[in-house]
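Here the structure is laid out as structure tokens; the discussion comes afterwards.
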2 protein chains.
Amino acid sequence: MIDVNKALELIEKNGTFLTAVQEMALPQALGFVLAEDIISTLDMPPFRQSAMDGYALRIGKNNSYSVIGEIKAGDNKNLSLKMGEAVRIFTGAPVPDSADTVIMQEKIIQDQGYISVEGSIEADLNIRPKGEQIHRGEIALKKGTTLKGAHIGYLASLGFTTVKVHLKPSVALVITGNELVPLGQLLPQGKIYESNGAMLTAVLTELGYKNVSSVSVKDELENTKGALLNAMETHDIVLVTGGISVGDYDYVGKALKAIKVEKVFYKVKQKPGKPLYFGKKESTSIFALPGNPAAALSCFYIYVFPLLKQIEGASVTQLERITMPIIKDYIPKGNQPQFLKARVLADGVEILSGQSSAMLRSFGVANALVFLPENTGQITQGEPVKVILTP
Amino acid sequence: MIDVNKALELIEKNGTFLTAVQEMALPQALGFVLAEDIISTLDMPPFRQSAMDGYALRIGKNNSYSVIGEIKAGDNKNLSLKMGEAVRIFTGAPVPDSADTVIMQEKIIQDQGYISVEGSIEADLNIRPKGEQIHRGEIALKKGTTLKGAHIGYLASLGFTTVKVHLKPSVALVITGNELVPLGQLLPQGKIYESNGAMLTAVLTELGYKNVSSVSVKDELENTKGALLNAMETHDIVLVTGGISVGDYDYVGKALKAIKVEKVFYKVKQKPGKPLYFGKKESTSIFALPGNPAAALSCFYIYVFPLLKQIEGASVTQLERITMPIIKDYIPKGNQPQFLKARVLADGVEILSGQSSAMLRSFGVANALVFLPENTGQITQGEPVKVILTP
């Protein structure tokens, strides 16, 4: 049995495969990971830009300026100002090279082709210097960036129409358990509805992984072998649920051995998800997750998510981790390191009731997991705990 | 000029329209808002369920039990145990009514049809009671819940194949500015690439709003009127960027008046986004956002996002707000209430450099906005600030 950090380390070390690179139109690249540094081909802004509606002026000897013209946003005019001259100018318009400053219109008085400025005049007011945001030749975004909406806007502002990104890994779900009945059928006594497939597909979709297939297999060796082999051969990552414990009808471990998957680790000192398995065969990685939905989802966020990000080339692979005070005393059950469903609120984090590994209900309310290290005793209100933000 | 809270209040009060309701297959409902309470038609688990691989037994007088059978997960067996009898049982299997407890297999010794149990035997161990997670007739999820991946799994576990949800609002973008050049063209002197359309489309897509159209208009009254009227007539929410300031070529205000949009407010005491406009006509709401991309995006998260959630019936409409210590001293520029691009880190929040309203670059790094109320003086490292988590 290894500990949580060792498991994460082994996953990182073994997940060396990288998905293919493709050039993609900018809007489609949302959520994908940049496969190269993006070098700006522009200064941004590309010219000295007025940040206000007002007057650009070349500072003279007194407060009265002769207005010699007008420059709107989008104009290509470079009027030449003499000392004591001004031009009417608008937000976003190019400031003439000969102008020293821009005075906002609220601060001037107009009078028949002349303006007078209230108060003293300083140079370089309300002007965004050329290249203030980025200079041509500088790195705009680094390789490994997962593209968010703001990045798409930023790249558009720099004139990029396509970018090279890594494709999303494909994921196969292999759902095991004789007790599982497909949705839409009647529920016989002793059975439950299959929900891991629906849950993991939805969570993967939510995170942008849409290339997901799902298959259910009975607790039987040959079927399990066949399903796993097929999944391994056609996908980048395989997630199995259930069948990995010590029960007589847990065939996943035997099947993985039989199809020659290399075991990287089995069992992690943690709650939930002690019997977590991670292995690989050629470029495909495989996790055997717990059969209980909530335990499976915890393990997905902690262990599977970082590998997905890693093999698509992301430089940040973990979910956001923060420290927050706990808002209510909490007495952990047991001494194992544990991941607890939690809710981040305005003034701290609440550990939710209903922590049983079978209880998916509280995951609906949760927006975080709290990690408690081994042998954590009672935690008192206000004490800081480690929080992992979940989608 | 009104303050931030008044603006939010006016938006909430005026956004009374609700989008249509549709019954949707469960996997497709991801990200949509429930239009009705979901009442469970099952007890979950539907039977007393073993939480372990081991032996179910009816407690007898000594520690030796006769094994009379086996129950696997998925079996429909209700064996009748006499005192001193046990059955082999597996995780997820139904525990017989006559069994008092389940002992995990690690704690027993097998001997030719008999088992003996190490240590004392307690009742009700390792059994998930029927209905532990939810009882038939109880509310599983409330109307107004935005369905996450975990909710989809939870509803699947309860046997739901469809749910009634609100449709996503449609959004029209109207992008104004003579200085803007479409992506893919050469950039003439004095112009910049249009990026608000790409940015807002991407941010809306990221949040699940895919019914987005975008049109660019020149700074000219008739065009602006036409584009706004068309957008208002065919969409639930219209977002205009630029053209709402006091410049001579800012036609949005005049156009809105001309097409009889009812102004709810114009100008909010804040930085960035002072000239924010909100209005409505029949069931359509309209925001005029700043032309500067970063200012437009701040206003989107603070003001537009809650209205999108509200009109699709969500009970939680705001982005998550938390309190965190600041990790570095910060001296605010000016006394206005301000929203600053920030990054939440493990031990606190960092206010990013590059706060200019034109600078989209820092929004790529940001995962939060810090709100500073009016007249905030210098903030010292470790002082708590209000943080709004952004996608």
Side-chain angles (χ1 to χ4, degrees), chain A residues 26-27 30 45-47 53 72-76 90-92 94 128 133-134 141 148-154 156-157 159 161 177-179 183-184 187-193 195 198-199 201-203 205-206 245-247 249 293 297 320-323 344 346-347 358-361 363-364, chain B residues 26-27 30 45-47 53 72-76 90-92 94 128 133-134 141 148-154 156-157 159 161 177-179 183-184 187-193 195 198-199 201-203 205-206 245-247 249 293 297 320-323 344 346-347 358-361 363-364:
Chain A
L26 192 61
L30 179 68
F47 47 83
D53 295 325
K72 303 191 295 291
D75 281 355
N76 177 11
F90 297 95
T91 308
R128 298 188 195 117
Q133 189 167 174
I134 190 166
L141 284 177
K148 306 194 295 180
H151 293 126
I152 299 295
Y154 177 51
S157 76
T161 54
N178 281 345
E179 73 277 30
L183 268 187
L187 196 63
Q189 176 65 23
K191 310 251 184 195
I192 57 172
Y193 283 114
S195 63
M199 174 188 75
T201 302
V203 169
T205 303
E206 207 166 34
S245 263
V246 290
Y249 299 93
L297 189 52
E320 206 78 54
R321 277 146 204 258
I322 61 176
T323 303
V344 165
D347 296 314
M359 285 211 188
L360 205 47
R361 188 180 198 174
F363 243 124
Chain B
L26 191 60
L30 179 67
F47 47 84
D53 295 324
K72 301 192 295 292
D75 281 354
N76 178 10
F90 297 95
T91 308
R128 298 187 195 118
Q133 189 167 177
I134 192 167
L141 284 178
K148 305 196 294 180
H151 294 125
I152 300 294
Y154 176 51
S157 76
T161 55
N178 282 344
E179 73 278 28
L183 266 188
L187 195 65
Q189 177 62 24
K191 310 253 184 193
I192 57 173
Y193 283 114
S195 62
M199 174 188 75
T201 302
V203 169
T205 304
E206 206 165 33
S245 263
V246 290
Y249 299 92
L297 189 51
E320 207 77 54
R321 277 146 204 259
I322 62 176
T323 303
V344 165
D347 296 314
M359 287 211 189
L360 204 47
R361 188 179 198 176
F363 242 124

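This is a predicted model, so every value here is computed, not measured.
Heavy atoms closer than 4.5 Å to chain B are found in both the backbone and the side chain of A:Gln189. Contacts between B:Phe47 and chain A at a heavy-atom distance below 4.5 Å involve the side chain alone, from C-beta outward. For B:Glu206, the parts lying near chain A are the backbone and the side chain together; criterion is any non-hydrogen pair under 4.5 Å. Contacts between B:Leu183 and chain A at a heavy-atom distance below 4.5 Å involve backbone atoms as well as side-chain atoms.
Note that B:Lys72 lies outside the cation-pi zone of B:Phe90, set by a 6.0 Å cut-off to the ring centre and a 45° limit from the axis.
Nearest heavy atoms, A:Glu320 versus B:Val344: OE2-O, 3.5 Å.
Ranked by heavy-atom pairs shorter than 4.5 Å toward chain A, the options B:Gly177, B:Pro45, B:Ala150 are led by B:Ala150. Across A:Thr205, A:Thr91, A:Ile134, the residue that shares the most heavy-atom pairs under 4.5 angstrom with chain B is A:Ile134. Among the candidates A:Gly92, A:Gly184, A:Pro188, A:Gly159, the residue making the largest number of heavy-atom pairs closer than 4.5 Å to chain B is A:Gly159. Between chain B and the options A:Asp75, A:Val203, A:Asn76, the largest number of non-hydrogen pairs under 4.5 Å is found for A:Asn76. When each of A:Pro27, A:Pro46, A:Gly153 is checked for heavy-atom pairs under 4.5 Å with chain B, A:Gly153 comes out on top. Among the candidates A:Ile152, A:Leu26, A:Leu297, A:Thr201, the residue making the largest number of heavy-atom pairs closer than 4.5 Å to chain B is A:Ile152. Ranked by non-hydrogen atom pairs under 4.5 Å with chain B, the options A:Ala198, A:Ala73, A:Pro94 are led by A:Ala73.
The closest side-chain donor-acceptor pair between A:Asp53 and B:Ser245, if any, does not fall under 3.5 angstrom.
For B:Ser195 (side chain) and A:Ala156 (main-chain N/O), no donor-acceptor pair under 3.5 Å exists by modelled atom type.
Residues A:Ile322 and B:Ile322 have side chains in contact (heavy-atom distance under 4.5 Å, counting atoms from C-beta outward).
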Begin with the C-alpha distance, continue with both residues' side-chain angles, and end with the deciding distance and a verdict on side-chain contact (heavy atoms from CB on, under 4.5 Å) for B:Gln133 and B:Tyr154. CA-CA 10 Å; B:Gln133 189 167 177; B:Tyr154 176 51; 3.7 Å; yes
Residue pair B:Leu187, B:Tyr193: steps toward the side-chain contact (heavy atoms from CB on, under 4.5 Å) verdict: CA-CA 7 Å; B:Leu187 195 65; B:Tyr193 283 114; 3.9 Å; yes
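To the nearest 0.5 Å, atoms CG (B:Asn178) and NZ (B:Lys191) are separated by 6.5 Å.
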